[in-house]
Amino acid sequence: MKRFAVLLSVVLLAMMVVAPVTADLPPGGWWGGIQIANLGTSDANIALTVYTETDEYTTSATDVAPGASANFLSTAIGPDGSTWRGAGVASADQPIAAVASLTNKLLGTAGIDGGTARALYPGVNEPDTTVFFPLVKNEFPAGNAKTTSFFVQNAGSAAATFYAQFKIGTTSYTNEYANIGPGQMVLIDPADAGFPTASVGSLVVTSTVPLAGIVNEYKLPAAGDPALDLMATRGFAPADAGNALLFPIFKNNFAAKHVGIQIQNTGSVATTAYMTATETFCFSGTPAVKYANLEIQPGASATFLGPNVIADGCLGSAIVTADQPIVGTASESRLYTSQFTVYFGFNAMAASTNVFAPLYKQVFVDNNTSGLQVQNTTGVDAECTLTWSTVGTTNSYVYNDTIPANGSKTYYRMDNATDYPDANWTGNRVPDGTNNAVKVVCDRAVVGVVQEANANTASQDAGNYEAFNQ
């Protein structure tokens, strides 16, 4: 019987209380979960193995229906009361996709009082011996300093050495990490390689074994205070790179939100990255199409900032092209709050008619609510069917919609009859208090991004992850 596996990158599932190192997460109360969805056509049996620094733990879920998902909480893995940090590998007898979450918010016995940080990131289905990270920060920028930490997992079957190369333009800073065992992860700290403070750059990690990795970005809190913000996404394999990247969300002071798009050149020679940004809504003025370009050295990265490309108060989308393979991420911040999110750019060649989001919350625990943004990548209207399947039940909810050519639609608070009319539903609406997986089937190629936030307050951090194209 064929088995399918997904690397959960370095799932920091712990209720961690550890002394911080330079680029580790701020100490206190970290915990999380993994939602694993069945993408197949038959019931799935799913196993999750977590590798800590000293142990490994395996848990499972059986008979997960097609389109449904199973949830694993870090607080239920390992001995009662244990604290640990680890990386996970999920496997199943059907195709699967996974999303991991990480937070320090107090909930029951997990978390820490005053913690508001939260991040979501997708698992890695096809690890490679090279992993790219477009954005590295070491206490950057001045006055609003953020730091990135990188956790890279050995996805192979033998111990290996990892080689890290940080770049700022044509300048490199390197370090090695020896004897990383199968399933194990390592923290890669920019400072260990001599990457200067108050700087921004990129990272490439290589090895003789397949690798999976994530990047966490955060502000360092005052001594003794909990972390208030966190954003994360996975690193890129060479196969993720392309000559055209799609970014469904681009903002310049839109509802006090700003987006910067970081592009990394994964090729062997310098390239020019060209951005076409389409404004779809502006609080003042007429939306327009804007253009910009940046020179990028091999392995290095450069940033398109919203204020340098689109008009103030505008929301839109962007396409970035180059004659060398590129990867990229979009980082969003909201002024005067602790809400920071990130998502990766979609290789235009990877867009498809089927998109799957393993984790979608409808006013779930502590009012956590998801919004799914689906972008039509073609010049023809897309007819789409969205199906929500509630975790732990056989309940499903079906909505039909049209997404305009080269446009996008947002699916948030599906109980809103004005935005989501009764005539579009086949049966009941998605009820509040549910945790779901969502399958999107269209007659045109689409991509999707999911954002999760508290429905009632902006003081709680938000989280993004990228939906899976099938």
Side-chain angles (χ1 to χ4, degrees), residues 6 8 11 13 31-39 43-44 46 48 59-77 88 90 92 94 96-111 118-123 232 341 355-374 386-399 410-416 420 425 427-440 448-457 460-468:
V6 57
L8 294 167
V11 180
L13 294 174
W31 64 287
I34 302 168
Q35 190 125 324
I36 303 173
N38 177 4
L39 306 183
D43 287 359
I46 299 172
L48 171 65
T59 186
S60 63
T62 59
D63 301 325
V64 179
S69 57
N71 186 263
F72 302 86
L73 292 177
S74 64
T75 50
I77 297 173
Q94 292 289 308
I96 53 176
V99 171
S101 63
L102 178 63
T103 184
N104 65 350
K105 182 173 176 59
L106 185 64
L107 184 65
T109 59
R118 167 211 331 242
L120 302 169
Y121 56 91
T341 59
V355 171
F356 203 93
L359 178 63
Y360 182 102
K361 297 178 182 178
Q362 174 84 2
V363 196
F364 196 55
V365 176
D366 200 32
N367 292 310
N368 286 319
T369 302
S370 302
L372 169 61
Q373 183 99 353
V374 180
L386 294 86
T387 303
W388 283 259
S389 298
T390 302
V391 173
T393 75
T394 58
N395 299 333
S396 61
Y397 310 91
V398 178
Y399 186 77
T410 301
Y411 300 95
Y412 171 78
R413 293 299 302 264
M414 303 307 295
D415 54 337
N416 187 325
Y420 310 105
W425 289 96
N428 296 326
R429 296 174 176 274
V430 181
D432 287 355
T434 56
N435 178 12
N436 307 274
V438 187
K439 185 172 185 178
V440 183
V449 175
V450 179
Q451 183 171 104
E452 179 184 316
N454 189 296
N456 296 336
T457 177
Q460 173 72 35
D461 195 13
N464 275 5
Y465 75 89
E466 304 80 5
F468 294 84

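Scanning all heavy atoms of the two residues, the minimum distance from P66 to D43 falls at CD-OD1, 3.4 Å. Nearest heavy atoms, S389 versus S396: OG-CB, 4.2 Å. Nearest heavy-atom pair across W31 and G111 is CD1-N, 3.4 Å. Of all the heavy atoms in G67 and F356, the pair that sits closest is O-CZ, 3.4 Å. Of all heavy-atom pairs between F72 and A61, the closest is CZ-CB, 3.8 Å. Between A437 and S69 the shortest heavy-atom distance is CB-OG, 3.8 Å.
Expressed to the nearest 0.5 Å, how far OG1 of T387 lies from CG of N436 amounts to 11.0 Å.
Between N464 and V449 the shortest side-chain heavy-atom distance falls below 4.5 Å. For the pair F364 and S370, the minimum side-chain heavy-atom distance is 4.5 Å or more. Taking 4.5 Å as the limit, some side-chain heavy atom of I77 sits within range of a side-chain heavy atom of L48. Residues K361 and T369 fail the side-chain proximity criterion, which asks for heavy atoms closer than 4.5 Å. Contact check for L386 versus M414: no side-chain heavy atoms found under the 4.5 Å cut-off.
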Passes side-chain contact (heavy atoms from CB on, under 4.5 Å), V64 versus I96? Steps please. CA-CA 11 Å; V64 179; I96 53 176; over 6 Å; no
Any chance you could lay out the side-chain contact (heavy atoms from CB on, under 4.5 Å) test for L120 and V450, step after step, and finish with the verdict? CA-CA 9 Å; L120 302 169; V450 179; 5.6 Å; no
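Residue R413 is tested with T410, D415, N416 for a side chain to side chain donor-acceptor pair (under 3.5 Å); the sole match is D415.
With sequence neighbours excluded, the residues satisfying side-chain contact (heavy atoms from CB on, under 4.5 Å) with Y397 are W388, T390, N395, W425, N428, V430, P431.
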